[in-house]
Amino acid sequence: MRASRFHLATLKETPVDAEIVSHQLMLRAGMIRRHAAGIYSWLPLGLRVLRKVEHIVRQEMDRAGALELLMPSFQPAELWQESGRWDQFGPELLRLADRHQRDACIGPTHEEIITDIFRREVNSYRQLPVNFYQIQTKFRDEIRPRFGIMRSREFIMKDAYSFDLDQAAMQRAYDIMDRAYVRIFDRFGLDYRAVSADSGAIGGSTSQEFHVLADSGEDAIAFSDQSEFAANIETVEAPAPAAERAAPAAAMETVDTPGMNTIEELAAGLGVTAQQCLKTLIADAEDGGLVALVLRGDHELNVLKAGQLDGVANPLRLAQREKIVEILGNDIGSIGPIGLDIPAFVDFSAAQLSDFVCGANQHDKHLINANWGRDCDEPVSADIRNVVAGDPSPDGKGQLKILRGIEVGHIFQLGQKYSETMQATVLDEQGKATYPFMGCYGIGVTRVVAAAIEQNHDEHGIIWPDTLAPFQLAICPINYHKSDLVKQAADEFYDSCRSAGRDVFLDDRPLRPGVMFSDMELIGVPHRVVFSERGLKAQQFEYKGRRDASAQELPLADLGDFLQRIFTD
Ligand code: ATP
Ligand code: MG
């Protein structure tokens, strides 16, 4: 591609409303443009990267034996009513009616449609196993679309669905996808981890997520320092401490704590550690009332675990402040479990404390040296916190470390959930109608692009792995429009790269070298070759890899070999 024929739309300024690096760089490089919250166009530069992601995904899915098809975005409500998800799915499902007032939705996922296809197309065990996939646009009306295409409302997903006669065969299909995902993420050239995960709204039991590691990741993942254990923090158990609780040492007192509303303010004000304080969160109960969730001050609530407790509304919702004040007669800053008149679940490690600090259920007052069993009943304890670094690994081997990740893929075993609800049967070897076992396998194709940038960038811009780069090589001729020697060398090299099947970008704009270089760095081209009159006269060209600290002068005679060397694929 020649710059003069391309729409290179780089921006100098960092857009103010872009919070994370990948979003800033995608806008600055001219890869995407925003139209509304979570709604983006992909400009030609961005689309080139997206197509590379799709290409790798498609090749590996095909290689794993999956069959590509294409399903609609517009999905009739009847299918969702059959599966029961028309009522279960929350406001993320964009519902609409057509001109005949027929209800429909814009697909956030395609289990219903694929099951409908399956029940019409496949009748016999002889047609199994089968795995259908597509690379297609999804719509989810996310409550908080953010970070550009990282969490957008419209995005592209690769979704695959396997159908098998029994559980063991479903497990084999799942394992094949697991291996295909490893090949896909290896080929992306990204640092990633597969971790066990929660199955969420899609349903099913066994599931694994694939995370690209990056500090800005929305998910926390826990790893053992001594075993293969790795899981999304949402799902990791934090068992009750084995040690006995220490006996109370001092009498409980009420103290004034004006303006101390957070754990940090309280700990600083009273000269104690956050570990010694209780944090009491109030959530909606299933019956419309309230329920208290009590944690140690330095711990975070695990929403999935707490949502599963008896009597707690699931999915978990923290209660509105007005409702808390109305029912408890007190504001959130000084609520505590002692004398509290609603059901309470106390995290195991909070239940382990003695002589702790907690809210006194009176405005601007807290209790110090409070003790379970002495100053109130023994607590109803449960595991409701996120694990933290240093907690024991649930497999009994080693301690946990926590890293941040971006979820780019998710594979699930669905079992018979959709085949049963939607009456999709096949005849088994005995001629008996049976419900097949399904698996489903997603990759956030658009999100992969942002995740790759989060992991690979510097102060000058994006640093693409070779396999995802919009252009593999940039040719920057100095004085292309003034020097015949330079023009000829650049054009010849450009042509030979193209005949070798390389994605090469010839910057034939009449610009100063510094401007060309910074554009190529910003858009992340991994390799750069410079031709100048001075260099050519000395039979040399200049090369710089995007991660190299400085450029090197190389003999012109080696140009052909050099091309071979940098492209090792
Ligand atoms: P998340 O937890 O990030 O909301 P999810 O669990 O809802 O994701 P899945 O239903 O497993 O997502 O979808 C498969 C993949 O699609 C995810 O792994 C993710 O990479 C991608 N994805 C999901 N939601 C979005 C979104 N709003 N924007 C971009 N990609 C998304
Ligand atoms: Mg998921």
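Both ligands and their constituent atoms are indexed starting at 1 by order of listing.
Phe118 is linked by a ring pair (Phe, Tyr, Trp, His ring centres under 6.0 Å) to Phe163, counting only residues two or more places apart in sequence or in another chain. Partners of Asp395 under the salt bridge (charged side-chain N to carboxylate O under 4.0 Å, His left out) rule, at least two apart in sequence or in another chain, do not exist in this structure.
Around atom 25 (C) of ligand 1, the closest heavy atom drawn from Met150, Arg447, Arg146 belongs to Arg447. The closest non-hydrogen atom to atom 20 (O) of ligand 1, taken over Glu407, Lys158, Lys138, comes from Glu407. The heavy atom nearest to atom 10 (O) of ligand 1, considering only Glu92, His410, Arg140, is found in Arg140.
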TODO: Take Ser73 and Gln136 through the side-chain contact (heavy atoms from CB on, under 4.5 Å) test and state the conclusion after the steps.
DONE: CA-CA 8 Å; Ser73 285; Gln136 188 264 4; 3.3 Å; yes
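For Asp141 and Arg153, the salt-bridge test passes: some basic side-chain N is under 4.0 Å from an acidic carboxylate O. Between Arg546 and Glu521 there is no salt bridge, since none of the side-chain N atoms of the basic residue sits less than 4.0 Å from a carboxylate O of the acidic one.
Here Glu142 has side-chain heavy atoms under 4.0 Å from ligand 1, and that is the only part of it that gets that close. Under 4.0 angstrom from ligand 1, the non-hydrogen atoms of Ile149 all belong to its backbone. At a 4.0 Å heavy-atom cut-off, ligand 1 touches Met157 through the side chain alone.
Counting heavy atoms of neighbouring residues, nucleotides and ligands inside a 6.0 Å radius, atom CD of Glu234 exceeds 12 of them.
Close approach of ligand 1 to Ser152 (heavy-atom distance below 4.0 Å) involves ligand atoms 26 (C), 27 (N), 28 (N).
Using a 4.0 angstrom heavy-atom cutoff, Thr109 does not count as in contact with ligand 1.
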